[in-house]
Novice: 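Would you mind keeping the following structure in view while I ask a few things?
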Amino acid sequence: MEHKYTITADQLTKQFGDFIAVDHISFAVQQGEIFGFLGANGAGKTTAMRMLCGLSLPSSGKATVAGYDVFTQTEQIKQSIGYMSQKFSLYEDLTVTENMRFYGGIYGMRIAAIKDRAKEILAQLHLQGEKDTLVKSLPLGWKQKLAFSVAMFHRPGIVFLDEPTGGVDPITRREFWEMIYAAAAAGTTIFVTTHYMDEAEYCNRVSIMVDGQIAAMDTPAGLKKQFATDSMETVFLQLARKAVRTE
Amino acid sequence: MQQFLSFVRKEFYHILRDRRTLFILFGMPIAQIMLFGFALTNEVKNSKIAILDPSRDVLSMRITDRLEASRYFDLATAPRTMQEVDAAFKKGQIRMAVVFPQRFHQQVVHGNSATIQLIADASDPNTATTLVNYANAIIQDEQKALNGLQKVPYRIEPQMRMLYNPQLKGAYNFVPGVMAMILLLVCTMMTSIAIVKEKETGTMEILLASPLRPILVIVAKAVPYLAVSAVNVASILLLSVFVLDLPIQGSLALLVGESLLFTITSLTLGLLISSVTNSQQVAMLISLMGMFLPTLMFSGFMFPIENMPLPMQIISNIVPAKWFFYIVKAVMIKGLGLHAIWKETLILAGMTTFLLLVSIRKYKIRLA
């Protein structure tokens with residue numbers, strides 16, 4: 001069976017003046033894969049991800065997301081992806097239901113579909129009792145899980161998660177990853193950036209960015225073998241120490 | 001369209017949930033109209049004065065009666081010495097003192113001249129000037145009457161009549177001024193803050209990553225403030241008509257139309273500010289310093305533009321509120337129609353179009 005790639009990048013580059021934030025990166029992500037995108041601060045992870053989401057125009061190279069070109073078809077890309085940013089991405093002064101209704105609305109979902117999906121998500125998260133609670137009064141872990149569900153609200157084929165678990169306790173992170181697994185099992189492609197090496201272990205494949213380039217890319221097991229160690233931490237540190245630029 | 005409506009609804013939630021801001025948004029115009037209408041008025045009414053009259057003769061009594069009878073003055077105390085006058089000033093009991101000399105009538109009749117001292121509390125210079133002018137006018141009235149009997153060629157021009165409008169109604173000036181200020185404050189400041197807030201919290205990224213067209217984000221942000229402004233214009237006009245007795249002389253439709261135009265001007269200004277800043281504080285600062293202060297100074301609301309040095313007069317032309325202020329005064333107070341203000345309307349519309357074009361160009365569809 002031939003692999004179906006939902007994200008491809010070929011020599012993708014982003015330059016800000018003299019500074020090359022992302023330097024000719026190439027990779028391909030399969031459908032239903034959990035693709036970990038690692039790198040130290042300032043390595044270019046977020047910039048690369050923004051180019052793929054249509055938030056930032058690449059300087060050169062080629063890339064497609066869900067079969068659409070990042071230069072010319074950003075509207076179609078935006079319709080077929082979900083996005084969760086580093087910063088908390090729900091509206092604190094809106095209730096749980098209102099947040100879901102809003103995101104469903106801006107993705108052009110019909111009212112009946114929004115209602116059904118909202119019910120489904122509330123059930124998944126066991127949040128039925130909190131549906132009319134303002135988001136600001138929810139605990140951080142719940143907010144984070146809700147933010148992920150909202151990014152998945154319009155059932156996108158691909159979801160981009162930019163450091164989704166920052167500042168969350170280990171138990172919640174575990175639960176969060178269970179949600180990611182469930183989504184991937186259902187066929188959603190997950191593109192996730194992270195700092196946490198234990199999370200890197202959860203990914204099907206990992207790429208490590210150093211100074212805007214992809215320094216290594218393989219399964220976690222393959223990387224550990226390649227660097228003759230039993231922890232991703234060591235792999236990452238070995239690569240990241242070579243970095244010239246700092247943030 | 002449904003995308004747009006979900007967005008507008010979300011914006012209304014933001015505004016309605018924030019009770020404190022909401023209260024300020026709707027309360028501010030009412031408070032300002034009331035303040036300017038009743039508290040901060042420069043009308044001189046029932047000011048407390050003291051009269052020190054050691055002569056107590058026909059003429060001094062007649063002047064005293066006139067002062068007392070006028071609605072500008074209220075006789076608070078009748079001190080007997082200058083020390084008592086001094087004390088009354090210090091205690092804040094009086095705003096002005098009228099001091100007659102000894103043998104006042106005799107001095108006038110035999111010496112052909114006498115002086116009356118008018119002492120005013122100049123810690124509030126405007127009021128002091130006004131009080132002195134009025135007292136002066138009353139005294140000169142009396143003097144004229146006296147001169148008429150004596151057939152002495154003696155005429156004094158009552159200059160204050162030209163300086164103040166006959167009824168001394170401050171409302172003529174401040175209702176249009178408050179309207180300009182409120183619209184600018186609500187639309188420019190609140191819109192820019194609302195957009196920048198999305199940037200600050202990171203939700204702007206989510207919005208940009210969504211298929212929602214960026215122009216819809218902007219329009220959806222502006223709609224609720226347009227509604228808030230409409231309510232504010234209505235409340236200002238209602239207050240001025242029913243509480244301040246300042247009728248709308250011209251066409252109401254024209255007035256509302258012009259207000260709408262200025263609201264859009266302010267919204268585009270807010271949009272422009274939001275596209276060049278990334279934090280709510282900066283947006284607020286620019287709105288206040290860059291918009292609010294010039295409006296206060298250059299619209300002609302507080303300080304007459306004609307009295308400014310030429311460079312300042314030229315600068316005042318780029319302040320949109322100046323034109324709006326002129327238009328509102330013309331329509332509301334002078335009762336003029338579009339024929340009298342089409343030039344100003346055109347200038348305002350031109351400014352709005354220009355600002356809109358610039359801000360749409362500036363608005364970043366992509367993050368970088």
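Every heavy atom of this structure was used, including side-chain atoms; hydrogens, water molecules and symmetry mates were not. Just so it is clear: chains get the letters A, B, ... in the order the sequence lines come, proteins before strands, and each one is counted from 1.
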Novice: Is the Y91(A)-Y13(B) ring centre distance short of 6.0 angstrom?
Specialist: no
Novice: Side chain, backbone, both or neither: which part of S210(B) has a non-hydrogen atom closer than 4.5 Å to chain A?
Specialist: both
Novice: In terms of heavy-atom proximity below 4.5 Å to chain B, should F160(A) be classed as side chain, backbone, both, or neither?
Specialist: neither
Novice: Given a strict heavy-atom distance threshold of 4.5 Å, which part of M51(A) is in contact with chain B: side chain, backbone, both, or neither?
Specialist: neither
Novice: Kindly confirm or rule out a cation-pi arrangement of R173(A) over Y196(A), judged by NZ or CZ under 6.0 Å from the six-membered ring centre and within 45° of its axis?
Specialist: yes
Novice: Check this for me, if you would: do K221(B) and E198(B) make a salt bridge, where the nitrogen-to-carboxylate-oxygen distance has to be below 4.0 angstrom?
Specialist: yes
Novice: I want to know whether Y103(A) and F153(A) have ring centres closer than 6.0 Å.
Specialist: no
Novice: Can you confirm whether L288(B) is buried at CG, in the sense that more than 12 heavy atoms of other residues, nucleotides or ligands lie under 6.0 Å from that atom?
Specialist: yes
Novice: So, do Y83(A) and F191(A) have ring centers that fall under 6.0 Å from each other?
Specialist: no
Novice: Does any backbone or side-chain atom of R213(B) lie under 4.5 Å from a heavy atom of chain A? Answer side chain, backbone, both or neither.
Specialist: neither
Novice: Under a 4.5 Å heavy-atom cut-off, does chain A meet the side chain of E200(B), its backbone, both or neither?
Specialist: backbone
Novice: So how far is it from Q2(B) CD to F7(B) CZ, rounded to the nearest 0.5 Å?
Specialist: 14.0 Å
Novice: Which region of I77(A), side chain (C-beta onward) or backbone (N, CA, C, O), has a non-hydrogen atom less than 4.5 Å from a non-hydrogen atom of chain B, or is it both or neither?
Specialist: neither
Novice: Can you tell which part of L52(A) gets under 4.5 Å to a heavy atom of chain B, answering side chain, backbone, both or neither?
Specialist: neither
Novice: Only pairs of heavy atoms separated by less than 4.5 Å count here; which of L212(B), L216(B), T203(B) has the most with chain A?
Specialist: T203(B)
Novice: R101(A), E75(A), H154(A), M84(A): which one forms the most heavy-atom pairs within less than 4.5 Å of chain B?
Specialist: R101(A)
